[in-house]
Q: 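Encoded as structure tokens, here's the structure I'll be asking about.
These figures come from a predicted structure and were not determined experimentally. Numbered from 1 within each chain, the chains take letters A, B, ... in sequence-line order.
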Protein chains: 2
Amino acid sequence: MMTSESTAIDVPESSSVPKRKASLMAASRDGKGIAIFDFILRLGAIVCALAAAATMGTSDEDLPFFNQFFQFQASYDDIPTFQFFLIAMAMIAGYLVLSLPFSIVSIVRPHAAGPRIVLLIFDTVALALNISAAAAAADVVYLAHNGNATTNWFAICQQFGDFCRKVSGAVVASFASSVVFMLLVVMSGLALRRQ
Amino acid sequence: MMTSESTAIDVPESSSVPKRKASLMAASRDGKGIAIFDFILRLGAIVCALAAAATMGTSDEDLPFFNQFFQFQASYDDIPTFQFFLIAMAMIAGYLVLSLPFSIVSIVRPHAAGPRIVLLIFDTVALALNISAAAAAADVVYLAHNGNATTNWFAICQQFGDFCRKVSGAVVASFASSVVFMLLVVMSGLALRRQ
């Protein structure tokens, strides 16, 4: 086990195969492909996170009538969970932009473990933040659609259909970026393994 | 960079230092300490996950009065989010028990990358499941405590104080096990790095 691994690691340095084959092997073995895929996934996650934040931020709906009991107006900042969602997704989009240089360093220098470990730690934290925002918002969306009889919480999506649709879309986008983060975390582990 | 790494990896095989020192260095370098810490953290996470599931499962409260409008009884299975929470935390406790053998293999054979990669992948999935259950339940707990004026959802914790306290405790326990999973994921990455 140990012997085969240390042999595998030594190949890029002390190989006698032709140069092109060696560099191809090194590229696939040292995780350059993983680093490039990592970069592309981050770009996709930025799109998802920004879409989630923007959709949530623009989700407000006024109904064209009112009475003295209810204020027939719904906006994301009436519901603290959606405020948290907006802030969390904006932070995650910002983090993803800041993480791109580290991802580029991983492409340029596949042997450097430092950037990958930094990315692994912060990706794990970002995954937790992202999925907690998504799950909490999904929960409110579920309540808004279905209500709850025991606690006497009524569904509001009959009145605020557009609001509910926008918010649901934002939740879907944030779950998509959560899935990307899960892939990124596992890929960071695999890339560290290959060194 | 490359040279120093391959030297570091070769040390356990081709060192000339005395045997005991070499094995000590190998133990600290190959992540045996990380593997043992991993095992202990898993035991802690099992306790947290079981506590969360058990607390949620036993959280029901009947009030000693009723009228024709409301059924003054609250239980976790009146609220789908809490059902999901219970199922998710039970699954996570089960997964953690099943993951212990892999953790033991990592202690016995610190060089084997297979068990660590398996653990990394499943830990990431379990982290996502755990934190989504915790965040969704925390959201319902927040609504139960504070209500929401816009959507006309009223706080129920005035009536169901014991229910709310139990459910809040379960949420805290599940956030604790989420933090353990984040540590486990990062430690798996570090342990893979050291090989």
Q: Can you tell me which portion of I79(B) sits under 4.5 Å from chain A's heavy atoms? Options are side chain, backbone, both or neither.
A: both
Q: Would you mind reporting whether L143(B) and L143(A) have side-chain heavy atoms less than 4.5 Å apart?
A: yes
Q: Tell me the closest heavy-atom pair linking N148(B) and P80(A), and the distance in Å.
A: ND2-CD, 3.7 Å
Q: Please check if M187(A) and Y95(A) belong to a single hydrophobic cluster, counting links between Ile, Leu, Val, Met, Phe, Trp and Tyr side chain heavy atoms closer than 4.5 Å.
A: yes
Q: Measure V179(B) against the heavy atoms of chain A and call it side chain, backbone, both or neither at under 4.5 Å.
A: neither
Q: Are F175(A) and Y142(A) grouped together when hydrophobic residues (ILVMFWY) are joined by side-chain heavy atoms under 4.5 angstrom apart?
A: no
Q: Between atom CD1 of I121(B) and atom CG of L190(A), what is the distance when rounded to the nearest 0.5 Å?
A: 6.0 Å
Q: State, yes or no, whether a side-chain contact exists between L127(B) and V185(A) at a heavy-atom distance under 4.5 Å.
A: no
Q: Find out if a path of hydrophobic residues (ILVMFWY) with successive side-chain heavy-atom gaps under 4.5 Å connects F37(B) to M182(B).
A: yes
Q: Give, as side chain, backbone, both or neither, the part of T124(A) having an atom under 4.5 angstrom from any heavy atom of chain B.
A: both
Q: Which answer fits F84(B), side chain, backbone, both or neither, if we ask what part of it has an atom under 4.5 Å from a heavy atom of chain A?
A: neither
Q: Just to be sure I understand the criterion: a residue of residues 39-58 of chain B counts if one of its heavy atoms is under 4.5 Å from a heavy atom of chain A. Which ones qualify?
A: none
Q: Residues of residues 130-137 of chain B under 4.5 Å from chain A (heavy atom pairs)?
A: I131(B), S132(B), A135(B), A136(B)
Q: In the single-linkage hydrophobic clustering (I, L, V, M, F, W, Y; side-chain heavy atoms under 4.5 Å), do F122(B) and V105(B) co-cluster?
A: no
Q: Tell me whether V141(A) is reachable from F154(A) by hopping between hydrophobic residues (I, L, V, M, F, W, Y) whose side-chain heavy atoms are closer than 4.5 Å.
A: no
Q: Look up atom CH2 in W153(A) and atom CD1 in I156(B), then write down how far apart they are to the nearest 0.5 Å.
A: 5.5 Å
